[in-house]
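Data block below; observations after.
Note that the structure is predicted; figures quoted are calculated from it, not measured. Numbers here are sequence positions counted from 1.
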Amino acid sequence: MELAIYTTTYDIADTVQNFMNIYYATHMKYLASDLLDKGLSPVQISDAISAAIKVANSSGIEAHKHFMPVFSGLKDGIIQDCKLSDLGYGLVMMNADPSLPVVSEFQVDILNDYLNK
């Protein structure tokens, strides 16, 4: 048996927001869970996402345009995940544990690109 949710009225603001969320999601090509393959633990990923969202908020960046909570299926089951835009991914990597080679290499690459411009 399938369950459908039906409402007789629709709020135009909700409809527009849903459309915008879908639009933002099309620009989010990364999943936080992909960082598991790069050696980050779930706790490290979660901490880095939290810090990245704080950076976005304190910088005046609208976090919902760069971070979207989703659920992903992995071999172990369904996990809470996060879609990330390019900026969101970069902020996560800048706020992840720098003792991990993938993180420190990313940070150095970003700094080198900045200094070479």
Point-to-point distance, once rounded to the nearest 0.5 Å, from [atom1] of [X] to [atom2] of [Y]:
X      : Y     : atom1 : atom2 : result
Ile45  : Ser33 : CD1   : OG    : 7.0 Å
Glu62  : Phe67 : CD    : CZ    : 13.0 Å
Ser104 : Asp97 : OG    : CG    : 9.5 Å
Leu84  : Lys29 : CG    : NZ    : 12.0 Å
Leu87  : Leu91 : CG    : CG    : 4.5 Å
His27  : Ile22 : NE2   : CD1   : 13.5 Å

Are [Y] and [X] connected into the same hydrophobic cluster when the rule is that any two of I, L, V, M, F, W, Y join if their side-chain heavy atoms are below 4.5 Å apart?
X      : Y      : result
Leu111 : Phe106 : no
Phe19  : Val70  : yes
Ile49  : Ile79  : yes

Donor-acceptor pair, side chain of Ser46 and main chain of Pro42, under 3.5 angstrom: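 Between the backbone of Pro42 and the side chain of Ser46 there is no qualifying donor-acceptor contact (under 3.5 Å).
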Side-chain (Gln107) to main-chain (Met94) donor-acceptor, under 3.5 angstrom: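 Yes; at least one donor-acceptor contact below 3.5 Å.
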Validation row: Leu40, Leu100 side chains within 4.5 angstrom (heavy atoms):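 They are in side-chain contact.
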Please name the pair of heavy atoms, one in [X] and one in [Y], separated by the smallest distance, quoted to 0.1 Å.
X      : Y     : answer
Ala32  : Asp81 : N-OD1, 3.4 Å
Leu36  : Ser41 : CD2-C, 4.2 Å
Val102 : Met93 : O-CE, 3.7 Å
Val92  : Ala52 : N-CB, 3.7 Å
Lys65  : Ser85 : O-CB, 4.2 Å
Ala48  : Ala96 : CB-CA, 3.7 Å

Leu115 atom CG, neighbour heavy-atom count above 12 within 6.0 Å: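 More than 12 heavy atoms, drawn from other residues, nucleotides or ligands, come within 6.0 Å of this atom.
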Leu31/Ser72 under side chain to side chain contact (heavy atoms under 4.5 Å, CB included): CA gap, chis, key distance, verdict: CA-CA 9 Å; Leu31 283 172; Ser72 293; 4.0 Å; yes
Mutual orientation of the aromatic rings belonging to Tyr30 and Tyr89 [parallel < 30°, tilted 30-60°, perpendicular > 60°]: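 Ring orientation of Tyr30 relative to Tyr89: parallel.
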